[in-house]
Q: 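One structure follows; several queries about it will come next.
Order of the sequence lines sets the chain letters (A, B, ...), proteins ahead of strands, with each chain counted from 1.
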Number of protein chains: 2
Amino acid sequence: MSTTDSPRWLDPEQMRSWLRLQAVIGLLPGLLDQQLRRDAGLTHFEYLTLAMLSEAPGRELRMSALAQRTNATLPRLSHVVRRLEERGLVARSTAPDDKRATVARLTAAGWEKVVASAPGHARTVLETVYDDLDATEVGTLNTVLDKMLAHIDPHDTFGIGPATGPRAARRP
Amino acid sequence: MSTTDSPRWLDPEQMRSWLRLQAVIGLLPGLLDQQLRRDAGLTHFEYLTLAMLSEAPGRELRMSALAQRTNATLPRLSHVVRRLEERGLVARSTAPDDKRATVARLTAAGWEKVVASAPGHARTVLETVYDDLDATEVGTLNTVLDKMLAHIDPHDTFGIGPATGPRAARRP
DNA sequence: CCTCCATGGTTGACGAAACAACTATACCGG
DNA sequence: CCGGTATAGTTGTTTCGTCAACCATGGAGG
């Protein structure tokens, strides 16, 4: 590797923005995790897993589909779903049409858990992120995030491309 | 707790923005970590630690000051600095004026490490975050992030308040 | 059919982070 | 001075995520 080719650097304004973005990235996940852990006894990722299942048809998804929607690796999801199953919030079963595949289904208790914890989570997101932003700022934020994602996630792993219609998650 | 008081929810535009923000928060740290791990053999947090030391007067800081600048808890920093010391990149010594305190100092090898890995890191940040943003968008992003941080980090843990002057990090 | 490879998922080992307990120094009031 | 409390870090424990094998099923080619 050549260490000499055009060592670009951030300009002052970019650097100021970068410090703030790092702060948000560093602190926001912890806040969300803390709130959910305290009020619902769930990790943010566990909540996300349950939430994605709650919005799926039949409240069930194959592991690989669930992994994509939660942006997790398959091993990680496997561990988490096993713990959730031990707590009775989801149930696993092999898919009838492909015996390699596993489908995770939300149990009644899991559904109740999501319903109970969703409002508090939404409230936290609103308070920490959106309360002081007007519609214009949200729009610009959206544009900016889209441009970032074009580089960060070129293959649209999340399934939220720029062409996103009203596909957004709804209250369960 | 009353589960009935005004269950606010995200409006569709906020939800679309939130999905994107979650994606960025979920994917960006991994990318930065990967690049630094591959090219420099450093965690993003390890790099941040060395970088903060490299910008401090005398290239040394007390643990608590370093913890604040890197947004880490003291236990976490303690472990990381121990590993960095074992690799010869930093050195620890008790402060002469307060024998409770420990100062972490960047060694020559640590300095070289920062100098060698900073350009690649900057390049990654520029490519993944700022390459497609014009000055206006960066400005709005800055405003938006500031408003978030007012809620997320009310006590300005990072030391980057809204009144930030040209205090930004420079190339080491 | 039967072999070979790809796919879907699980398991186990390891590294790192959060949390709690502990040590040692400093400071404050009497 | 001397006891009590606060401060600065470190150490140990548990938990979570990542990585590298590892099964099992499905599908394609001979």
Q: Do A:Gln14 and A:Trp9 have side-chain heavy atoms sitting under 4.5 Å apart?
A: no
Q: Identify the two heavy atoms, one from B:Pro119 and one from B:Ala116, that lie closest to each other, and give their separation to 0.1 Å.
A: CD-O, 3.8 Å
Q: How many Å lie between CG on B:Leu66 and P on D:dA8, as a whole number?
A: 15 Å
Q: Under 4.0 Å, counting only non-hydrogen atoms across every strand here, what does B:Ser78 touch: a base, just sugar-phosphate, or nothing?
A: base
Q: With the threshold set at under 4.0 Å for non-hydrogen atoms, list the residues of residues 94-104 of chain B touching DNA chain C in residue-number order.
A: B:Asp98, B:Lys99, B:Arg100
Q: If you take all heavy atoms of A:Trp18 and B:Val125, which pair is closest and at what distance?
A: CZ2-CG2, 3.7 Å
Q: Could you check whether any side-chain N or O of B:Tyr130 sits under 3.5 Å from a backbone N or O of A:Met148, counting only pairs where one atom can act as donor and the other as acceptor?
A: no
Q: Starting at NE2 of B:His44 and ending at C1' of C:dG15, how long is that distance when rounded to a whole Å?
A: 19 Å
Q: Here's a test for you: under side-chain contact (heavy atoms from CB on, under 4.5 Å), which of A:Leu89, A:Val90, A:Leu84 qualifies with A:Glu46?
A: A:Leu84
Q: Tabulate protein N/O versus nucleotide N/O from nucleotides 1-5 of chain D, keeping only pairs under 3.5 Å, one per line.
A:
none

Q: In whole angstroms, how far is the P atom of D:dG17 from the CG atom of A:Leu84?
A: 11 Å
Q: Can you check whether B:Phe45 reaches B:Asn71 side chain to side chain, under 4.5 Å on heavy atoms?
A: no
Q: Okay, side chain of B:Thr107, backbone of B:Gly88: is any donor-acceptor separation there less than 3.5 Å?
A: yes
Q: If you take any heavy atom closer than 4.0 Å to DNA chain C, which residues from residues 56-63 of chain A end up in contact?
A: A:Arg62, A:Met63
Q: Tell me which pairs pass salt bridge (charged side-chain N to carboxylate O under 4.0 Å, His left out) where either residue lies in residues 110-120 of chain B, with sequence neighbours left out.
A: none
Q: Could you list the donor-acceptor pairs under 3.5 angstrom formed between side-chain atoms of residues 25-37 of chain A and any protein atom two or more places apart in sequence or on another chain?
A:
| residue | atom | partner | partner atom | Å |
| --- | --- | --- | --- | --- |
| A:Asp33 | OD1 | A:His44 | N | 3.1 |
| A:Asp33 | OD2 | A:Arg37 | NH2 | 3.0 |
| A:Gln35 | OE1 | A:Thr124 | OG1 | 3.4 |
| A:Gln35 | NE2 | A:Asp39 | OD2 | 3.1 |

Q: Tell me whether the OP1 or OP2 atom of D:dT10 has a side-chain N or O from B:Arg92 closer than 4.0 Å.
A: yes
Q: Any protein N or O atoms within reach of nucleotides 16-20 of chain C? Criterion: under 3.5 Å, listing atom names and distances.
A:
| residue | atom | partner | partner atom | Å |
| --- | --- | --- | --- | --- |
| C:dA17 | OP1 | B:Arg76 | NH2 | 3.1 |

Q: Could you give the CG-to-P distance, from A:Leu74 to D:dC19, as a whole number of Å?
A: 14 Å
Q: Considering only heavy atoms from C-beta outward, does the side chain of B:Arg123 approach that of B:Leu126 to under 4.5 Å?
A: no
Q: Decide salt bridge (Lys or Arg N to Asp or Glu O under 4.0 Å) for A:Arg16 and A:Glu13; before the verdict, give the C-alpha distance in whole Å, the side-chain angles of both, and the deciding distance to 0.1 Å.
A: CA-CA 5 Å; A:Arg16 304 197 330 136; A:Glu13 189 67 8; 3.5 Å; yes
Q: D:dT10 C1' sits how many Å from B:Leu77 CG, rounded?
A: 11 Å
Q: Let me see the working for B:Arg69 and B:Glu55 under salt bridge (Lys or Arg N to Asp or Glu O under 4.0 Å), right down to the final yes or no.
A: CA-CA 11 Å; B:Arg69 281 171 175 72; B:Glu55 293 165 7; over 6 Å; no
Q: Consider side chain to side chain donor-acceptor pair (under 3.5 Å). Of B:Asp131, B:Thr128, B:Asp132, which one does A:His151 pass it with?
A: B:Asp132
Q: Distance check needed: C:dT11 C1' versus A:Glu86 CD, whole Å only.
A: 13 Å
